[in-house]
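Keep in mind that what you see is a predicted model, and the values were worked out from it rather than measured. Order of the sequence lines sets the chain letters (A, B, ...), proteins ahead of strands, with each chain counted from 1.
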Number of protein chains: 2
Amino acid sequence: MSYKIKSRIWIESDKHVLLGEGRVQLLKAIDKTGSLSKAAKALNISYKKAWNLLDSVNKSAKKPVTINSIGGKGGGGAELTDYGKSLILAFDEINKNCWEFLDKQLEKIERI
Amino acid sequence: MSYKIKSRIWIESDKHVLLGEGRVQLLKAIDKTGSLSKAAKALNISYKKAWNLLDSVNKSAKKPVTINSIGGKGGGGAELTDYGKSLILAFDEINKNCWEFLDKQLEKIERI
DNA sequence: TTTCGTTATATTTGTAAAGACATAACGAAA
DNA sequence: TTTCGTTATGTCTTTACAAATATAACGAAA
């Protein structure tokens, strides 16, 4: 049969997107590199796009997801808060569970 | 807390989208009205957009989802095959189950 | 064989999102 | 107080996608 069920999940807060796959990817890259600009380069997106995404995340979240610092010798940087780290862990787990759930549902299509 | 988990699911066949929410909505409107042009009007989308969607659906599906007829007194029309009707029923059920599943997962976010 | 409301298809136009580019602001360390 | 690599922000350009417009093809019934 070879039909496949695909899905996208995201978390909203007050009608605004808090987390989706792209945002989680960005947060992981920030965690790995220690800065927003390096994360943008790693993901091959413009700094501006990355900044807009991160700004949107922090504006939608109930608590700060990253701590951003400007200036200083190295120029500053960005790092995830414990809250941010917990969020991406939870998102990943839910996403994985969703895939498994949908895989099981596929047989309903295959029976047709 | 008021975070919400949202989702979009779709069925692919060989890398092409077969069914998503918009396509299911269109197929339902065809079933109700008996024609593609009437369905497009009901959904307030252009006939061309509707035709492209339906064409894509029928090209991706293993068996015809609609039977389209040109010409004749009334001008022809379109109607769902039994296969098409079964597909949208299955899609709706899976989608509903997915929502319920994700609602349960939400507590993992709220615990943070 | 004319009429009619469809399906089918091409072409042009408009618009919103993405991308490119430029630059100001910052502040710890040297 | 100068330097440096960041964060922060504005503006212009491009591009992809949606929308609008136009028209051909069809064929059963009158």
Side-chain angles (χ1 to χ4, degrees), chain A residues 8 10 12 15-61 63-81 84, chain B residues 6 8 10 12 15-17 20-61 63-81 83-84:
Chain A
R8 276 282 162 110
W10 64 97
E12 287 188 5
K15 301 279 182 186
H16 294 96
V17 175
L18 166 62
L19 279 187
E21 286 190 16
R23 290 160 195 245
V24 165
Q25 216 178 358
L26 177 63
L27 292 178
K28 285 178 181 174
I30 290 173
D31 196 36
K32 193 179 295 179
T33 63
S35 95
L36 180 54
S37 65
K38 287 192 186 117
K41 276 176 192 139
L43 297 180
N44 210 32
I45 62 177
S46 71
Y47 172 82
K48 168 151 189 159
K49 182 174 180 180
W51 184 86
N52 280 334
L53 276 173
L54 182 58
D55 185 54
S56 167
V57 168
N58 278 317
K59 276 181 179 156
S60 305
K63 295 197 280 181
V65 171
T66 63
I67 301 293
N68 310 329
S69 49
I70 316 175
K73 174 62 193 320
E79 62 178 357
L80 296 193
T81 61
Chain B
K6 304 249 177 159
R8 276 284 162 109
W10 65 96
E12 286 188 6
K15 301 279 180 184
H16 295 96
V17 176
E21 287 189 17
R23 290 160 195 244
V24 165
Q25 214 179 1
L26 177 63
L27 292 178
K28 285 178 180 172
I30 290 173
D31 196 34
K32 194 179 294 180
T33 63
S35 94
L36 179 56
S37 66
K38 287 193 185 113
K41 275 177 193 140
L43 297 181
N44 210 31
I45 61 177
S46 71
Y47 173 80
K48 165 149 190 158
K49 182 173 181 181
W51 186 87
N52 281 333
L53 276 174
L54 182 58
D55 185 54
S56 167
V57 168
N58 278 316
K59 276 180 179 157
S60 307
K63 295 198 281 182
V65 171
T66 64
I67 301 293
N68 310 328
S69 48
I70 317 174
K73 175 63 192 317
E79 62 178 358
L80 296 194
T81 61
Y83 182 65

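One atom, CD1 of A:I45, and another, C1' of C:dA20, lie 14 Å apart when rounded to the nearest Å. Atoms CG (B:L53) and C1' (C:dA8) sit 15 Å apart, rounded to a whole Å. Going from atom CD1 of A:I67 over to atom P of D:dT6 covers 19 Å, rounded to whole Å. Taking atom CG of B:L43 as the reference point, atom P of D:dA19 lies 12 Å away to the nearest angstrom. A straight line from CG of B:N52 to C1' of C:dA8 spans 10 Å, rounded to a whole angstrom. A:Y47 has its OH atom 15 Å from the P atom of D:dG5, to the nearest Å. A straight line from CD1 of B:I30 to P of C:dG5 spans 20 Å, rounded to a whole angstrom.
As judged by a 4.0 angstrom heavy-atom cut-off over every strand, B:K48 is placed among the base-contacting residues. Using a 4.0 Å heavy-atom distance criterion, A:S46 is classed as making no nucleic acid contact.
Remark: B:S69 is not in phosphate contact with D:dC26, judged by side-chain N or O atoms under 4.0 Å from OP1 or OP2. Residue A:N68 places none of its side-chain N or O atoms closer than 4.0 Å to OP1 or OP2 of D:dT6.
Heavy-atom minimum distance, A:Y47 versus A:A40: CA-CB, 4.0 Å. When all heavy atoms of A:V17 and A:W10 are compared, the closest pair comes out as CG2-CD1, 4.1 Å. Heavy atoms only, all atoms of each residue included: A:L26 and A:A39 are closest at CD1-CB, 4.1 Å.
In terms of polar N and O atoms assigned as donor or acceptor, the side chain of B:K73 never comes within less than 3.5 Å of the base of C:dT6 in a complementary pairing.
Between A:A78 and B:K49, the one whose closest nucleotide on DNA chain D sits nearer the 5' end is A:A78.
Comparing C:dT7, D:dT6, D:dT9 against the side chain of A:W51 picks out D:dT9 as the nearest. The nucleotide whose nearest atom lies closest to any side-chain atom of A:K38 is, among D:dT6, C:dT6, D:dT21, D:dT6. With C:dT9, C:dT7, D:dT7 as the choices, the nucleotide that has an atom nearest any side-chain atom of A:L36 turns out to be D:dT7. In the set D:dA8, C:dA29, C:dT7, the nucleotide with an atom closest to the side chain of B:I70 is C:dT7.
For B:S60 (side chain) and B:H16 (main-chain N/O), no donor-acceptor pair under 3.5 Å exists by modelled atom type. At least one donor-acceptor pair under 3.5 Å links the side chain of A:T81 to the backbone N or O of A:V65.
If you check C:dA18 for Watson-Crick or wobble pairing at under 3.5 angstrom, you find it paired to D:dT13. Look at C:dG5: its Watson-Crick or wobble partner, with both distances under 3.5 angstrom, is D:dC26.
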